[in-house]
Amino acid sequence: MRVLVVTAVAAEAEAVAAGAPGLDVLAAGVGPAAAAAATARELTAAALGGRPYGLVISAGIGGGFAPHAPVGALAVSDAIVAADLGAETPEGFVPVTELGFGTVRHEPPASLVRELAAATGARTGTVLTVSTVTGSAARAEELLARHPGALIEAMEGFGVAEAAVAQGIPVVEIRAVSNPVGPRDRSAWRIGDALQALTAGFGKSAPVLESWNPYDRPRD
Ligand SMILES: O=C(O)c1cccc(C(=O)CC[C@H]2O[C@@H](n3cnc4c(=O)[nH]cnc43)[C@H](O)[C@@H]2O)c1
């Protein structure tokens, strides 16, 4: 099974490739729109070339919600959620699904999440996709109140997932925590530590990714 890993920037792609050199890795740009466009292009080219992908992974660094996702931790998504796709109303935020449109959530195969977490020691939980990085405690609390299972905030997963799901391909997100979600503090960033955790996590994930087959598993 071919696996496509989609990161935002080259440093993340290099960290993934250092851990799992056998995977195809694409640096697609920052944000959900760039991620969706590049992922769709890559999946379509592979399918037209007769070598379709069987799994897509959104990967990179991300913000961690305290206390469950400290800096340097690795997380595997059991849900990929668009956290700011909706409307502000006098009563608060309303997701697009409640407005009668689209979707805000994709769920990776449970067996894959379990096996990746067991192999890597990663935490599992919801990974939020946002278009605006959280910069205050109030916003972090608001997101956690709406998504009590949230572990991570990043900017690409939902875009990658939309592109994969549109082509019937399973998707999962793997993130290493570079900073806490909350008040803006560039001095608290640990990008090097997060990239190292990403490399180690992909190194441990490689055997799972080589053997996982969505077609010969009992139902999740
Ligand atoms: O300038 C800031 O305060 C700031 C804070 C956090 C992240 C950024 C970025 O521009 C990084 C975007 C890039 O990295 C991923 N990422 C890493 N940490 C976070 C986060 O806390 N919230 C959202 N995204 C994050 C993201 O997936 C992008 O690829 C700037």
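Bear in mind that the values here come from a model prediction, so they are computed numbers and not experimental data. Values reported hereafter were calculated over all heavy atoms of this structure, with side chains retained and with hydrogens, waters and symmetry mates removed.
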### Task
Could I get the full list of salt bridge (charged side-chain N to carboxylate O under 4.0 Å, His left out) partners for E42, not counting sequence neighbours?
none
### Message
Quick check: closest heavy atoms across A15 and L198, and the distance to 0.1 Å?
### Response
CB-CD2, 4.2 Å
### Message
Is it the case that the side chain of R190 and the backbone of S187 share a donor-acceptor pair, with hydrogens and angles ignored and the cut-off at 3.5 Å?
### Response
yes
### Message
Using side-chain heavy atoms (C-beta onward) and a distance below 4.5 Å, is H147 in contact with L128?
### Response
yes
### Query
If we only count heavy atoms from C-beta on, is the L26 to T7 side-chain gap below 4.5 Å?
no
### Results of side-chain contact (heavy atoms from CB on, under 4.5 Å) for P183 - residues two or more places apart only
A137
### Query
Roughly how far, to the nearest 0.5 Å, is the CG atom of L209 from the CG atom of L112?
7.0 Å
### Query
Would you say the side-chain atoms of D84 pair up with the backbone N or O of S131, donor to acceptor, closer than 3.5 Å?
yes
### Message
If you compare all heavy atoms of T129 against all heavy atoms of G157, which two are closest, and at what distance to 0.1 Å?
### Response
OG1-N, 3.5 Å
#### Entry: Exercise: identify the closest heavy-atom pair between T44 and Q167
OG1-NE2, 3.0 Å
### Message
Checking the side chain of T39 only, and the main-chain atoms of V160 only, is there a donor and an acceptor separated by less than 3.5 Å?
### Response
no
### Task
For residues A140 and G182, report the shortest heavy-atom separation together with the two atoms involved.
CB-CA, 4.2 Å
#### Entry: N-O pairing of E156 and R175 below 4.0 Å
yes
### Task
Mind running side chain to side chain contact (heavy atoms under 4.5 Å, CB included) on F158 and T103 for me, showing each step along the way?
CA-CA 10 Å; F158 188 76; T103 183; 4.1 Å; yes
### Query
Can you list the steps and then say if F65 with L144 is a side chain to side chain contact (heavy atoms under 4.5 Å, CB included)?
CA-CA 8 Å; F65 286 97; L144 268 183; 3.7 Å; yes
### Query
Between L55 and L4, is a side chain to side chain contact (heavy atoms under 4.5 Å, CB included) present by the stated rule, with each step listed?
CA-CA 6 Å; L55 175 67; L4 176 65; over 6 Å; no
### Query
Should the pair R139-E141 be classified as a salt bridge under the 4.0 Å nitrogen-to-oxygen rule?
no
#### Entry: Shortest non-hydrogen contact between F202 and A20, atoms and distance
O-CB, 3.8 Å
### Query
Can you check side chain to side chain contact (heavy atoms under 4.5 Å, CB included) on V127 and L151, steps first, answer last?
CA-CA 6 Å; V127 178; L151 276 184; 5.7 Å; no
### Message
Donor-acceptor pair, distance only, cut-off 3.5 Å: does the side chain of R146 make one with the backbone of A83?
### Response
yes
### Query
Is a side-chain N or O of S77 found less than 3.5 angstrom from the main chain of A79, in a donor-acceptor match?
no
### Task
For the residue pair R184 and S136, establish whether any side-chain heavy-atom pair is separated by less than 4.5 Å.
no
### Query
Are any of the side-chain heavy atoms of E153 and V133 separated by less than 4.5 Å?
yes
### Query
Do D78 and T126 touch side chain to side chain, with heavy atoms closer than 4.5 Å?
yes
### Query
Under a 4.5 Å cut-off applied to non-hydrogen side-chain atoms, are R105 and I80 in contact?
no
### Residues which pass side-chain hydrogen bond (donor to acceptor under 3.5 Å, both in side chains) with H106, listed by chain and number, not counting sequence neighbours
E162
### Message
Any side-chain to backbone donor/acceptor pair from E12 onto A8? Under 3.5 Å, distance only.
### Response
yes
#### Entry: For the student: nearest non-hydrogen atoms of P70 and V177, plus distance
O-CB, 3.3 Å
